[in-house]
Structures are given as structure tokens and as C-alpha cells.
Amino acid sequence: MSEDDFAPQDFSGAEAVPGDGTWSDEADWDLSDFVTDGDEQLAEKLPVVAIVGRPNVGKSTLVNRFIGRREAVVEDVPGVTRDRVSYPATWTGRQFMVTDTGGWEPDAKGMQASISLQAEQAMRSADLIVLVVDATVGATATDEAVARTLRRAKVPVLLAANKVDSERAEADAATLWSLGLGEPHMISASHGRGAADLLDTILENLPETPRERYAAGGPRRIALVGKPNVGKSSLLNRLAGEQRVVVDDVAGTTVDPVDEIIELDGKTWQFVDTAGLRRKVHTATGHEYYASLRTRGALESAELALLLIDASQEITEQDLRVLSMIIDSGRALVIVFNKWDLVDEERRYDLDKEIDRELARVPWARRVNISAETGRSVQKLVPAMEEALESWDRRVSTGKLNNWLKDVIAATPPPVRGGRQPRVMFATQAATRPPTFVMFTNGFLEAGYRRFLERRLREEFGFDGSPVRVNVRVKDKRERTRSRK
């Protein structure tokens, strides 16, 4: 072991390439394990097909049949679908969107009335409507009321007679001509019978272009996550300035992720309202299990997570499980303490202690105290989201990074491991979204020292609201010698 192994790290021997600040020694190292592509593009808006009908006629099953995978939550219980949820679909090379809706009941009261409102809004924004009727039951009074409304629609309307599994059922379905929507298309959503013919008819009647398009460039994608009944849907409605999603005192009202395009402070944002996570995925059952998977998928497709926590209640294990999911996903984070209007002085004192104890893993996350019910301080969300996303996108040049690292290591060298002090040859930022840094060394860096480097990175370069990953790539002296031959 030479005395050089204990000498302070010196970066002067690495030759800088003029202009871009990268180090020539970097060519000796493999970055492929760390580089990620964060420049995802939002797909252009497609024509929309709305699937409507009364509860439990098989709308979500038909949606899954159209898109070719189990995305929409299905369970043999009326009312599982409550909000309108859209999925991309492709048939014979043509793409379109399919919108699943909750059961439509014209004379509904309470939460069911809100669900019916979502179905009506979906129909107003659709380019084609498919009314699903249970052929084994026949035309009910609700079906007839829905059909009367659809006969006035300004877009094409198709009638799907579902649950036609036999010739006898075909004869029963023929009575649905009485609804005045033309020929019933006889299908079995669960078995796939007639679905291809119905899709062919949909494409024949679907316009090539939708009614409207999203703004060019695509909005930033924000996921609203948290345990049930913390106010995610209420916040989405508050931001939108209208009733976009169903809100009820019953925990678990939202089942599927719900996308909404909202303009705030002159910018367009895409918010996703997700189902509240009640328990660990492997212990969930029924539609709750599939809803939890959809929530995870929505988080993975988002850029930033708004974690809502009920400020009036003690921080729970459920809150911390959702937080762990966000940390694992690597998304930017803003913690939103909702229901602040219910917090008194004693609760604020207790909450401060809980934050110090339970949220110690994310001291970098921005925190905003709001009341979605009253609108208090909701305007503070946009600056916090913008700062977090800016940090999530931030890149530090290799030259600036290594100049900073040289000073940090000279002041606080890595701890000795196995009788030897590791040397850090140089560092580079391998990726953004989240910012990922790689330290190239001749020995392993302890986890505590990596956390120290992360803290110093944040002090120097910011990164408020974004996770920062510090990885180590170890290369011994013999390997370095071979790479230079």
C-alpha cells in the first residue's frame, strides 16, 4: 500500500475538454447502468369513445375488452366505477381513447347523482357514445331515460346489447330496438363475442380528429396520492374551479386514477386523482387490489407527486407507506397538509413533532399547508410544484461538479474502510429526473458518507423538492491500468 492511497484527492491530473467541462478520464468508465431517459412526450389527443349505461351492465368489462388488457377496475358489485377514466386503445392500426364512466341514473341522489354527472360530462366531451344495456334484463326505465337523452346527442350513438351468450339471448336482445337508437350490437364483453364487429362499427362512425386538442408541448404530470379520505378529489375540484370528480364523505370514493387538464397561473397541468391506498398491495382484495395497482401505475407515469396528509389527524402508517412508494419511484415531491382549517394550536405543536420524527427521510420535500374545502393557501401549490420540478430537471456540469467535489473531499475525506481510505477520482451527473450522480472511486464509499455528499450537493446546487441519488462505481488500480493500454 502506497502513501498515495492516503493522500488528499487531486483532480488536477484529469484533463478537461475545452468548452463543455467534461473530463477525458470519463471515457474509461461505463455509465450505461445509470443513464435514464426522462424526456417523455405526451401523446397527441385522440378521438374519444365514451362507454355509458346504468350500473353493473358491463361497461368496464367492455372497456378492458377494447383496450386488450385489464386496466378498468371490474368487480361483480354495482357502482365500482365512479369517475370517468380514459384509456388509449388501438384497433386495425387506428388509435383512439376509450372513456369508462360510472353508472348513469337520471334521478339519482347523493353520491350516485355526482357519479351520473361524471357520465354526462363524459358524453358532452366524447366524439362517439356507446350505450351498454344488459340484454338479459331488457330495457329498463333507466335505459329508456338514458336513450331519450342520447337521441338528442350531436355525436354518433351506438347501442351495445351486452351479455348475449346464446341464440336465445339474441332473440331477447332484439327487443332493444324499442330504445330508438338503431340496431342493437349483440356482444358478450366477458367472452369477447361480437366485440370486434362493434369496434369496426365504432371506427366507421368515429371522426378522424377530436373536438379539441391539448396545448402544444404537453402539460407537466402531477399525481395526487395519499390514504383514503384525505381530500385528493376535493383538491382537484378546487384547482379546477368546478366539480370534476366525485367527492363524498365515504372513504374510497375514487377507485380508478382520474386525469384532468387544468390551467393554473397561465400554465397547463395534468393532474391525476388516484385511489386512496388502504393497505399493502399483497393484502388488498377485489377492486381495492386493482385500484392500488392503477395508483402505482399513475405515480410511475407522473413527474411529481402531491402527497396529501390529513393535518388534523396523526400521521399514520398508511401515510408513510404512500411516502415510501413515492421515494421508490424517484418522483419530485410536495407534501400537502390538508384540512388546515381544522388544526388548532395544540395540534400544530404535535404535528411539528410528528414531522421531525416521521418525515425525517424527506427533509428536502417542500411542505404546504392548505384547506381544499375552503381554498385556504391553495395558491401556494403552484410555486412549490414549479420549484420541485425545476430541481427534478436540474443538471450540473461535470466541471463544476468536480471543482465542488475537490473542495468537499479535501475538507472531509471519506472514512477509512478495511485499513484503506478510498479515493474519488471524479464524478459526473449521469441522469436527471431524478438527478443521479456517480462517484468513480478505487474503493467503496460508506452509506453515511454518500448521505453526507447528498446533503452537501443540496446545499451547493439546490434540488429542493427532488430526490437525489448518489451512486458509486468502484474501479481498482489494475483495471484502470488495463483500460489505458
Side-chain angles (χ1 to χ4, degrees), residues 48-67 71-87 89 97-108 111-153 155-165 169 172-195 197-199 201-202 205-206 246 255-256 287:
V48 175
V49 177
I51 310 298
V52 302
R54 61 182 176 83
N56 210 32
V57 293
K59 298 183 296 298
S60 295
T61 304
L62 182 60
V63 168
N64 287 334
R65 179 66 60 182
F66 282 176
I67 64 179
E71 283 280 351
V73 178
V74 176
E75 190 169 3
D76 192 19
V77 176
V80 169
T81 303
R82 292 165 183 165
D83 293 296
R84 61 189 192 275
V85 188
S86 297
Y87 307 97
M97 299 297 294
V98 180
T99 299
D100 190 15
T101 65
W104 188 15
E105 298 187 59
D107 298 323
M111 183 172 71
Q112 189 59 47
S114 297
I115 295 172
S116 298
L117 177 62
Q118 298 305 308
E120 293 173 14
Q121 291 176 341
M123 289 187 295
R124 286 197 292 270
S125 61
D127 300 288
L128 183 144
I129 301 168
V130 176
L131 171 62
V132 183
V133 177
D134 186 344
T136 63
V137 175
T140 66
T142 297
D143 293 326
E144 292 172 354
V146 173
R148 282 196 298 271
T149 300
L150 293 181
R151 286 198 295 268
R152 300 192 296 269
V155 297
V157 179
L158 301 178
L159 175 61
N162 192 25
K163 306 182 183 181
V164 178
D165 301 320
D172 294 336
T175 62
L176 296 176
W177 278 92
S178 63
L179 292 174
L181 295 175
E183 179 183 2
H185 296 269
M186 301 180 188
I187 65 169
S188 173
S190 59
H191 300 129
R193 184 179 189 221
D197 293 336
L198 177 57
L199 280 168
T201 305
I202 287 173
N205 292 274
L206 192 65
V246 177
V255 176
D256 289 293
H287 76 268

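Nothing here was measured: the structure is a model prediction, and the numbers come from that model.
- Residues Val49 and Ile51 are in side-chain contact: their nearest non-hydrogen atoms beyond the backbone lie under 4.5 Å apart.
- Closest non-hydrogen pair, Leu198 versus Ala160, comes out as CD2-CB, 4.1 Å.
- To the nearest 0.5 Å, the span separating CD1 on Ile187 from CG on Leu62 amounts to 4.5 Å.
- Taking every heavy atom of both residues into account, Trp177 and Pro184 meet most closely at NE1-CD, 3.4 Å.
- The two residues Leu159 and Gly182 have their closest heavy-atom pair at CD2-O, 4.3 Å.
- How far CG of Asp100 is from CG of Asn64: 8.0 Å, rounded to the nearest 0.5 Å.
- If you run side chain to side chain contact (heavy atoms under 4.5 Å, CB included) between Leu128 and each of Ile202, Val48, Thr201, Val157, only Ile202 comes through.
- Closest approach of Gly58 to Ala189, counting heavy atoms only: O-CB, 4.3 Å.
- Applying the salt bridge (charged side-chain N to carboxylate O under 4.0 Å, His left out) test to residues at least two apart or on different chains, the pairs with a partner in residues 131-149 are Arg54-Asp143, Asp134-Lys163.
- Note that the CG atom of Leu131 and the NZ atom of Lys59 stand 9.5 Å from one another [nearest 0.5 Å].
- Side-chain N or O atoms of Arg193 include none that pairs as donor or acceptor with a backbone N or O of Ser188 at under 3.5 Å.
- Side-chain contact check for Asp127 versus Val155: every heavy-atom pair is 4.5 Å or farther apart.
- Ala173 and Val164 make their closest contact through CB-CG2, 4.1 Å (heavy atoms, listed as atom of the first residue, atom of the second, distance).
- With rounding to the nearest 0.5 angstrom, the NE2 atom of His185 is 5.0 Å from the CG atom of Leu158.
- A donor-acceptor pair is defined here as one N or O able to donate and one able to accept, closer than 3.5 Å; such a pair exists between the side chain of Asn162 and the backbone of Val57.
- In terms of heavy-atom proximity, Leu176 sits nearest to Gly138 at CD2-C, 4.0 Å.
- With Arg151 contributing its side chain and Leu181 its backbone, the two residues share no donor-acceptor pair below 3.5 Å.
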